[in-house]
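The model shown is predicted, which means the values in this text are computed figures rather than measured ones.
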Amino acid sequence: MKKLYVLLMHTNTFPAKVIKLATHYPYSHVGLSLEKECHKIYSFGRKNLRSFLNSGFCIEMKNGPFFNLFHETICKIYEIPVTEEQYQKIENILAEMTNQKENYKYDYWGMIPRFIGIPVSFKNRYVCSYFVAHLLEAADIYQFNKPTYFITPKDFDQINTWNKIYEGYYLAYKN
C-alpha cells in the first residue's frame, strides 16, 4: 500500500484572499505530494513569484523561493492510501505533465463561468482544485459527485475517508 498527500493551503496573497472571500473557506489552494514529507508539491499556480498572471502547472519545493517568500502559508494535509497501480498512474501522469509543462496553463477563462455554475473546460487548462481532482479520478483513486472542473478546495475537506495528518503552518510541518 502506497500513500499520496493532498494539501489544502492558504498563502495570504492577493489572489488567495480573493478566493477565500468568494468561497467563504479558509483554504484557497490545493496541491498534491507523493511523499509524506511534502517537500515537493504539484499544482497549478503562479510560475513567477511577483505575478500571478503567469501561472500554470508548477512544482513547488518546500525549501524553494515560493515558500521562502510566502513563509506564513497555512495548510491542512490529508494522507490517502492508494494501491501500487494507482500510485504508478499518478506518477506517470505527473511525469508526462512535467515533460510538457509549457503546454499546461492556468484556466483564467473558465474560473468565472464555473463559479456561477456554467460547465466549461478547456484542453490542458486547470485551476489547482480541478487539477488535483482530475488526477485522483484519472488514477481511479476517488470519484467526485460532480464534474472535476467544479471541484473547490472545500470539496477535498469533506472527504471523510481520508486521514488528516497535519494542520498548521506549512513550513512547520514535519512528519
For Val6, run the side-chain contact (heavy atoms from CB on, under 4.5 Å) check against Val132, Ile77, Ile159 and tell me which one passes.
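So, applying the side-chain contact (heavy atoms from CB on, under 4.5 Å) to Val6 and each of Val132, Ile77, Ile159, only Val132 qualifies.
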So how far is it from [X] [atom1] to [Y] [atom2], rounded to the nearest 0.5 Å?
X: Leu34; Y: His39; atom1: CG; atom2: NE2; answer: 13.5 Å
X: Gln143; Y: Leu136; atom1: CD; atom2: CG; answer: 10.5 Å
X: Ile141; Y: Glu85; atom1: CD1; atom2: CD; answer: 10.5 Å
X: Phe67; Y: Glu60; atom1: CZ; atom2: CD; answer: 5.5 Å
X: Gln88; Y: Lys2; atom1: CD; atom2: NZ; answer: 8.5 Å
X: Tyr27; Y: Ser129; atom1: OH; atom2: OG; answer: 15.5 Å

Verdict with reasoning, Ile59 to Ile41, per side-chain contact (heavy atoms from CB on, under 4.5 Å):
CA-CA 6 Å; Ile59 302 170; Ile41 302 169; over 6 Å; no
Ring of Tyr25, cation from Lys20 - is the NZ or CZ under 6.0 Å from the centre and inside 45° of the axis?
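Not satisfied by the 6.0 Å and 45° rule.
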Does [X] [atom1] have over 12 foreign heavy atoms under 6.0 Å away?
X: Phe122; atom1: CZ; answer: yes
X: Lys40; atom1: NZ; answer: no
X: Gln158; atom1: CD; answer: yes
X: Lys3; atom1: NZ; answer: no
X: Lys62; atom1: NZ; answer: yes

Test side-chain contact (heavy atoms from CB on, under 4.5 Å) applied to Ile80 and Tyr142, step by step
CA-CA 10 Å; Ile80 307 162; Tyr142 189 81; over 6 Å; no
Going through the distances and angles, do Tyr106 and Tyr126 end up as a side-chain contact (heavy atoms from CB on, under 4.5 Å)?
CA-CA 5 Å; Tyr106 196 85; Tyr126 297 92; over 6 Å; no
Report yes or no: does Glu167 contribute a side-chain atom to a donor-acceptor pair with the main-chain N or O of Cys75 at less than 3.5 Å?
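Pair absent, no side-chain N/O of Glu167 close to backbone of Cys75.
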Checking the side chain of Asn99 only, and the main-chain atoms of Ala95 only, is there a donor and an acceptor separated by less than 3.5 Å?
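Indeed, once roles are kept as given, a pair shorter than 3.5 Å links the two residues.
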Testing the 3.5 Å rule here: is there a donor-acceptor pair between the side chains of [X] and [Y]?
X: Asn92; Y: Glu96; result: no
X: Ser43; Y: His29; result: yes
X: His134; Y: Thr148; result: no

Do you reckon Met61 sits in the same ILVMFWY cluster as Phe131, going by side-chain contacts under 4.5 Å, direct or chained?
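Per the 4.5 Å side-chain linkage, Met61 and Phe131 are co-clustered.
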Report yes or no: do Leu69 and Met9 belong to one cluster of Ile/Leu/Val/Met/Phe/Trp/Tyr joined by side chain heavy-atom distances under 4.5 Å?
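Linked within one cluster.
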Less than 4.5 Å apart, side chain to side chain, heavy atoms only: is that true for [X] and [Y]?
X: Met1; Y: Tyr87; value: no
X: Thr98; Y: Tyr42; value: yes
X: Lys76; Y: Tyr166; value: no
X: Leu94; Y: Phe57; value: yes
X: Leu171; Y: Thr73; value: no

May I ask you to check whether Phe66 and Phe70 place their ring centers less than 6.0 Å from one another?
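Judged by ring-centre distance (under 6.0 Å), Phe66 and Phe70 do meet the cut-off.
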Verify whether the ring centers belonging to Tyr5 and Tyr78 lie closer than 6.0 Å.
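No, ring centres 6.0 Å or more apart.
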Salt bridge Lys146-Asp155, side-chain N to carboxylate O under 4.0 Å:
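Between Asp155 and Lys146 there is a salt bridge, with a charged N closer than 4.0 Å to a carboxylate O.
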Ignoring hydrogens, what is the shortest heavy-atom contact between [X] and [Y]? Give both atom names and the distance.
X: Tyr130; Y: Arg125; answer: CE2-O, 3.5 Å
X: Pro113; Y: Val120; answer: CB-CG1, 3.7 Å
X: Cys128; Y: Ser28; answer: SG-O, 4.2 Å
X: Cys58; Y: Gly45; answer: SG-N, 3.5 Å
X: Phe44; Y: Val127; answer: CB-C, 4.0 Å
X: Ile165; Y: Lys36; answer: CD1-CE, 4.4 Å

Does Leu7 form a side-chain contact (heavy atoms from CB on, under 4.5 Å) with Leu32? I'd like the steps, not just the answer.
CA-CA 6 Å; Leu7 293 87; Leu32 180 81; over 6 Å; no
I would like to know whether Asp107 and Arg114 meet salt bridge (charged side-chain N to carboxylate O under 4.0 Å, His left out); could you show each step before the answer?
CA-CA 11 Å; Asp107 190 11; Arg114 286 194 300 268; 2.8 Å; yes
What class does the angle between the rings of Phe156 and Phe144 fall in, given that below 30° is parallel, 30 to 60° is tilted and above 60° is perpendicular?
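Geometry flag for Phe144 against Phe156: perpendicular rings.
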